[in-house]
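Here's the structure, in C-alpha cells; my notes come after.
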2 protein chains.
Amino acid sequence: MGNATLRPPAKAAAAQRLIRAAGQRLTAPRTAVLAVLLDAKRALTHHEIGSALAPGVPVDRVTVYRVLDWLVTLGLAHRIPGEDRTWRFVASRVDSHGPHAHFTCSRCGKTVCLEAVATPPDVKVPRGFLPQKVELTVQGLCASCH
Amino acid sequence: MGNATLRPPAKAAAAQRLIRAAGQRLTAPRTAVLAVLLDAKRALTHHEIGSALAPGVPVDRVTVYRVLDWLVTLGLAHRIPGEDRTWRFVASRVDSHGPHAHFTCSRCGKTVCLEAVATPPDVKVPRGFLPQKVELTVQGLCASCH
DNA sequence: GAGCGGGACGCAACCGAATTGCATCTGCAC
DNA sequence: GTGCAGATGCAATTCGGTTGCGTCCCGCTC
C-alpha cells in the first residue's frame with residue numbers, strides 16, 4: 001500500500017532524539033514506533049500502531065510489543081488498560097508526567113488524555129496501604145459517536 | 001487463600017434473596033458465585049472465584065463467566081479492568097452504587113473498593129464528548145506487600 | 001404430583017491478544 | 001573493519017475469554 005499517511009519527518013527526528021537522549025540503541029523499529037506514538041492524538045492499541053507504521057518499514061508484531069514494553073520501561077510511553085482487554089499506549093508528555101485523566105469512548109474504544117482534569121491529590125487509602133499512582137478514567141461517548 | 005472452609009450460610013441466603021428479588025431463576029451456580037462475591041473483601045478474578053467455590057459444587061468455567069456477565073447486567077456486580085489484562089468482579093453495594101474508587105496492589109494484584117474516596121463530580125471533557133462513568137483507580141502496594 | 005417449555009448448564013472447540021524460545025542480524029564501540 | 005551484546009523476525013505456545021450445541025432442570029400449569 002502506498003504511503004497514504006506520510007509520517008512527518010519532524011516526529012521521526014524527535015523520536016531519534018529521545019532515544020539518543022536515553023542512551024539507547026537507535027533502530028528503525030524503535031524510531032518508527034515512537035514516531036507513531038508522538039504523532040498520535042490519542043492512545044493507540046498495539047494493532048493500530050502496527051497498521052500505522054505499515055506504509056514505512058514492515059515491523060514484526062512481536063517487535064512492536066517489545067518496543068512498546070521497552071518504551072514504557074524507559075518512561076517514554078504510558079500503558080493504559082482498556083475495557084476491551086487490550087492495552088493502549090501514549091507517548092509520555094515530557095512537560096507533565098504527573099497524574100492525569102483518560103477518556104475512553106465506550107462505543108469506538110478511542111482513548112484520549114484529559115490534561116485539564118487533575119486527579120484529587122489527597123486519596124484516602126486503608127491503613128497500611130501505600131498509594132503510588134492515581135488513574136482517573138472517564139467512560140462515555142466521544143464527539144463522533146453520539 | 002485456598003480456603004477449604006464452608007461459605008457462611010448467611011451469604012448463600014443473601015445471594016438467594018437478591019436473585020429472587022431480581023425476578024430471576026434460582027440455580028446452584030448463581031447462588032454459589034454470588035455468595036462468593038458477597039463474602040469477598042476485595043475484587044476477585046474469574047479464576048479466584050472458580051477456586052473459591054470449588055469445595056462446594058463444581059461449576060464449569062464457562063458457567064462462571066456467564067453468571068458473572070449476568071450479574072453485571074443485572075447490576076448486582078461490578079466489573080473492573082485490571083492491569084494484568086484480566087477482569088475482576090465485586091458485588092455491588094446496594095447502599096452506594098455511585099461512583100467510587102478502586103485500589104489495586106501492583107505486586108499481588110489485589111483490588112479493593114475505596115468507598116471513602118469520592119470521584120470528582122465535575123469532569124471537564126473536550127467539546128462534544130459525553131461522559132457517562134468516572135472511574136478512579138489507585139495503584140500502589142497493599143498492607144501485606146510492603 | 002406429573003407434564004412441559006424455555007432458559008441455564010456443561011462440554012469441547014475456538015479466538016485473539018500477548019509471550020516465549022531461538023536463530024539471525026545489526027548498531028555502535030573499539 | 002571487526003566483534004559482540006543486544007535487537008529483530010519467525011514460529012510455536014500460553015492464556016483469558018467466547019461460542020456452538022446438546023442436555024438438564026427451574027418454575028409454571030394443569
Side-chain angles (χ1 to χ4, degrees), chain A residues 12 15-36 43-54 56-74 76-77 79-89 104 109 111, chain B residues 12 15-36 43-54 56-74 76-77 79-89 104 109 111:
Chain A
Q16 294 187 352
R17 235 179 308 118
L18 285 168
I19 296 171
R20 274 265 138 80
Q24 299 290 322
R25 276 169 71 163
L26 190 64
T27 68
R30 290 179 170 186
T31 307
V33 170
L34 184 49
V36 168
L44 302 177
T45 63
H46 152 264
H47 186 265
E48 290 169 331
I49 294 169
S51 51
L53 46 74
V57 201
V59 180
D60 191 76
R61 276 200 5 264
V62 178
T63 301
V64 175
Y65 277 117
R66 286 199 268 237
V67 168
L68 288 171
D69 229 34
W70 167 84
L71 286 171
V72 170
T73 305
L74 253 64
L76 289 176
R79 165 190 278 139
I80 310 168
E83 291 284 331
D84 55 357
R85 220 172 71 259
T86 66
W87 280 328
R88 287 157 208 279
F89 298 84
T104 301
T111 302
Chain B
Q16 293 186 353
R17 233 179 310 118
L18 284 168
I19 295 171
R20 275 265 137 81
Q24 299 291 321
R25 275 169 71 163
L26 189 64
T27 69
R30 289 179 171 188
T31 308
V33 170
L34 184 49
V36 168
L44 301 176
T45 63
H46 152 263
H47 186 267
E48 290 170 329
I49 294 170
S51 51
L53 47 74
V57 202
V59 180
D60 192 76
R61 242 165 33 93
V62 178
T63 302
V64 176
Y65 278 116
R66 285 199 268 236
V67 169
L68 288 171
D69 229 35
W70 168 82
L71 285 172
V72 170
T73 306
L74 253 63
L76 289 176
R79 167 190 276 141
I80 312 168
E83 291 284 331
D84 54 357
R85 215 172 77 258
T86 66
W87 280 328
R88 288 158 208 278
F89 298 84
T104 302
T111 301

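Chain identifiers are assigned alphabetically (A, B, ...) following the order of the sequence lines, protein sequences preceding nucleic acid strands; residue numbering begins at 1 within each chain. What you see is a predicted model; the values in this text were computed from it and never measured. Just the heavy atoms: all of them, side chains too, but no hydrogens, waters or symmetry mates, feed the values below.
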Taking atom [atom2] of [N] as reference, at what distance in whole Å does atom [atom1] of [X] sit?
X: A:Leu53; N: D:dG9; atom1: CG; atom2: P; result: 11 Å
X: A:Asp84; N: D:dG16; atom1: CG; atom2: C1'; result: 14 Å
X: B:Leu74; N: C:dA8; atom1: CG; atom2: C1'; result: 14 Å
X: B:Arg30; N: C:dG7; atom1: CZ; atom2: P; result: 11 Å
X: B:Ile19; N: C:dG7; atom1: CD1; atom2: P; result: 18 Å

Original post:
Checking A:Arg30 side chain against A:Arg25 main chain: does a donor-acceptor pair fall under 3.5 Å?
Top reply: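 At least one qualifying donor-acceptor pair exists.
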Original post:
Do A:Thr86 and A:His46 have side chains that get closer than 4.5 Å, going by heavy atoms?
Top reply: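 The answer is no, as the side chains (C-beta and beyond) never meet within the 4.5 Å cut-off.
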With rounding to the nearest 0.5 Å, note down the distance linking [atom1] in [X] to [atom2] in [Y].
X: A:Asp84; Y: A:Thr45; atom1: CG; atom2: OG1; result: 8.0 Å
X: A:Arg79; Y: A:Leu71; atom1: CZ; atom2: CG; result: 10.5 Å
X: A:Arg88; Y: A:Ile49; atom1: CZ; atom2: CD1; result: 10.5 Å
X: B:Leu44; Y: B:Leu68; atom1: CG; atom2: CG; result: 9.5 Å
X: B:Trp70; Y: B:Ile19; atom1: CH2; atom2: CD1; result: 4.5 Å
X: B:Thr27; Y: B:Gln16; atom1: OG1; atom2: CD; result: 10.0 Å

**OP:** Quick one, give me the B/S/- string for nucleotides 24-30 of chain C, reading 5' to 3', where B means a protein heavy atom under 4.0 Å from the base and S means that only happens at the primed atoms, P, OP1 or OP2.
**Re:** --BBS--
Subject >> Where protein sits on nucleotides 13-23 of chain C, one letter per nucleotide: B base, S sugar-phosphate only, - none, heavy atoms under 4.0 Å >> reply: ----SBBBB--
Closest heavy-atom contact between [X] and [Y]?
X: B:Pro29; Y: B:Thr63; result: CB-CG2, 3.8 Å
X: A:Thr31; Y: A:Ala12; result: CG2-O, 3.8 Å
X: A:Ala22; Y: A:Leu74; result: CB-CD2, 3.7 Å

Original post:
Between the axis at one end of the helix from C:dG1-D:dC30 to C:dC30-D:dG1 and the axis at the other (five pairs apiece), what's the angle to 10 degrees?
Top reply: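 Terminal axis comparison yields 30°.
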